[in-house]
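See structure below.
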Amino acid sequence: MTNQEIAKIMREMAMLYEMNGVLFKPRAYERAAFGIESLSADISELYKNGGEKALLQISGVGKGIAFHIGTILRGKNFPEYSKLKKKIPVDISVLSSVEGVGPKMIKTLYQKLKVKNVADLERVAKAGKIRKLPHFGEKSEEKILKGIEFFKKSCGRRILGHVLPEIKNMEKMILSFAEVETAIVAGSARRKKETIGDIDILAIPKASAKPEAIMDKFMALPFVEHIFSKGKTKTMIKLKNGLDADLRVVPKDSYGAALNYFTGSKDHNVKLRELAMKKGLKLNEYGLFKGKKAVAGITEEGLYRALGLEYIEPEMRENTGEIEISKEGKLPKLIGYGDLKGDLQVQTDWTDGEDSIEMMAKAAKETGLEYIAITDHTKALAMTGGSDEKKLMKQMAAIDKINHKLKIENYKLKILKGAEVNIMKDGSLDIDNKTLALLDVVGAAVHSHFTLTREEQTKRVIRAMENPNVDIIFHLTGRVIDKRAPIELDIDEIIKTAKRTKTVLEIDAYPDRSDIKDEYIKKCVLAGVKMSIDSDAHSKVHFRFLEMGIAQARRGWACKENIINAWPLEKMLKMLK
DNA sequence: GCCGTTTTCGGCCCGACTGTTTTCAGTCG
């Protein structure tokens, strides 16, 4: 069984207990589900090697839940689950994903109307049966139907890199309202998660302005599809692009507390509130209070300070140890959004890119870079017109010429010669070593045989890393979010080999890839393995993706010294093999 | 059922909005 499947059962358990009015267990199971979902190791593997004891290291999993997971993994019945499920045999996970439908409602709908799934729900709602139930009415029924409609066309979470321009645009529009003093996007977009489920926006009204006026303007924006709820301080809408957006308006004195609250993550916030409580304080979105007196909350910095913490960057706020380290004053100084000096993976019209070497170089310069490596595909990737040794030699000569030209034009940008060579099934490369040795930057990548076993894939990539010419492994796991699963790899073994062979692991910033992911970045930082942040640009407009790569690195707690292309050119080149 | 700078028992984050009632439960974040 996969981590996802186990996590799903834990989440269902949480809802089943919730339905039955059991206290505290729902939260416990939810936390266990979250812990399992964010686990990098395979839970069944963990159990096989270390038994129930090994499961205790999963956050939110204690003796009780470890025992239950053990039972499930041994293929046996999990008695409490079967019992509760028998009482209310419905598709809880799916039903609860309908907006506005929760555990208690699911229970009532099953007991009174035998609703087991979304199709049943739609049928009874359309038949007008729901409005006749006690505590339900016409409006609840309409709300459910609307929820089903959105459920049907819901596209789930969206890749942040894809929707970020729209989000920034929306932020700008709200900022332009006459009544708004300041507005900022919070939530998972501010934490720069790979994907986001909705957009949270915080606005502060001008002293003279009424919050209602801001709400009215917000709801009148052209991209609003539907209004879920509207109040003086909180409005929830659905956008035409399918995303939900919440706007909250708070007084100026609460800006820091509100921004912190709406940025999340939920777990980070809970931990902060617990910390406040232990200090005899109360934290909510309006401030940090001692009795009725606010002691902090105007700024986020002040809020953290009052809690005895260093300021924690939004990208770190996941309650994965950042609060503890912050207490000790030992937070890493994360790489900044303006810190990149180069980009080591750039494709051009020599293969599957859209623009010429010179156009890419000039666009890179405008982005603020000092060097780029041209890394077109090589011959095994025939569909891209990949280079063979001869074409690479030709391209190297062309790069010399363009570098010369840029120098005369006083463009302070250096183009490096590189390639994105293919790692073949057996770990060999599709370009000979003699030619690779002539390149400044050799990136190697898996573009085929995605379904080999974990052992085979690991061996294959390790062999590539052992090649004395391979400087960087590009997009290590090969995943494409929502399209292709990552290849199976023994990450710890890969990181060990990277350290031994001085191979750099890339953080591919192309939004669909975002590869390697944050938890692997954290492992690299710990192991002292260097990384690069590359755009994987296939067009001159793609350099904007570097922002997403930096975000990913920050979520993995990486600093400037961990990222080789944040270094000056000479120092970076010395690092390469 | 979990967890620990109130530590092996006794707590467990906090508030907005809605709909159906008329003081609050359910849902959401």
Side-chain angles (χ1 to χ4, degrees), chain A residues 10 13-19 21-35 55-56 58-69 80 95-109 130-144 146-147 186-188 196-202 211 215 227-237 244-250 254 257-258 260-289 307-308 319 323-324 327-328:
Chain A
M10 295 300 121
M13 271 313 282
M15 284 193 272
L16 287 163
Y17 276 130
E18 183 98 50
M19 281 177 193
V22 177
L23 296 174
F24 307 115
K25 287 192 190 190
R27 278 278 315 278
Y29 274 93
E30 233 169 66
R31 281 156 80 156
F34 186 77
L55 300 178
L56 293 178
I58 304 169
S59 130
V61 174
K63 268 183 170 172
I65 291 182
F67 174 76
H68 294 318
I69 295 174
E80 282 84 352
L95 276 170
S96 65
S97 60
V98 176
E99 173 87 21
V101 177
K104 297 276 167 69
M105 208 183 267
I106 293 175
K107 186 185 182 189
T108 311
L109 289 169
I130 291 178
R131 66 180 71 184
K132 291 183 186 139
L133 299 176
H135 298 286
F136 286 81
E138 243 175 85
K139 286 202 170 165
S140 338
E141 197 171 80
E142 271 167 34
K143 205 175 151 192
I144 287 172
K146 200 82 196 170
S188 46
I196 61 165
D198 66 355
I199 306 169
D200 300 288
I201 307 157
L202 177 68
M215 293 306 183
I227 295 157
F228 288 117
S229 70
K230 95 173 248 285
K232 267 190 210 164
T233 66
K234 177 179 176 180
T235 292
M236 300 167 71
I237 60 166
D244 292 347
D246 297 353
L247 177 67
R248 297 285 301 243
V249 177
V250 298
S254 299
N260 182 257
Y261 175 73
F262 296 121
T263 297
S265 67
K266 195 173 162 187
D267 283 353
H268 179 87
N269 289 351
V270 168
K271 196 79 179 233
L272 288 185
R273 286 182 183 195
E274 286 170 0
L275 201 64
M277 244 168 45
K278 279 174 192 153
K279 289 180 181 289
L281 306 168
K282 192 177 87 166
L283 176 62
N284 61 27
E285 59 259 57
Y286 298 109
L288 182 65
F289 296 92
L307 289 170
N319 191 27
I323 293 173
E324 290 75 6
K327 251 186 228 169
E328 295 167 17

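Convention: sequence-line order gives letters A, B, ...; per-chain numbering from 1. As a basis for the values below, the full set of heavy atoms in this structure was taken, side chains included, without hydrogen atoms, waters or symmetry mates.
Residues A:Leu202 and A:Ala258 come closest through the heavy atom pair CD1-CB, 3.8 Å. The two residues A:Leu307 and A:Lys279 make their nearest non-hydrogen contact at O-CE, 3.2 Å.
Checked for salt-bridge contact, A:Arg248 and A:Glu285 meet the test: a charged N lies under 4.0 Å from a carboxylate O. In summary, A:Glu324 and A:Lys271 engage in a salt bridge, as defined by a charged side-chain N under 4.0 Å from a carboxylate O.
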**Request:** Classify every nucleotide of nucleotides 19-29 of chain B by which part a protein heavy atom approaches to under 4.0 Å, writing B for the base, S for the sugar-phosphate alone and - for neither, in 5'-to-3' order.
**Result:** SSS----SSSB
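Atom NZ of A:Lys278 and atom C1' of B:dC12 are 11 Å apart (whole Å). Computed from coordinates, the A:Arg27 CZ to B:dC12 C1' distance equals 7 Å when rounded to whole Å. The CD-P distance, from A:Glu274 to B:dG4, rounds to 9 Å in whole Å. Counting to the nearest Å, the C1' atom of B:dC13 and the CD atom of A:Glu30 are 13 Å from each other. Nucleotide B:dC2 holds its P atom 10 Å from the CE atom of A:Met10, rounded to whole Å. When rounded to the nearest whole Å, the span between OH of A:Tyr29 and P of B:dC12 equals 21 Å. Summarising the geometry, the separation between CG on A:Leu275 and P on B:dC14 is reported as 13 Å, rounded to the nearest angstrom.
Residue contacts shown for A:Leu283 are limited to sugar-phosphate atoms, with no base heavy atom under 4.0 Å away.
Within the 4.5 Å cutoff, side-chain heavy atoms of A:Tyr17 are placed close to those of A:Glu80.
Counting only residues at least two apart or in different chains, side chain to side chain donor-acceptor pair (under 3.5 Å) contacts with residues 59-68 of chain A are absent.
Nucleotide B:dT8 has no partner under the Watson-Crick or G-U criteria, as no pair reaches both atom distances under 3.5 Å.
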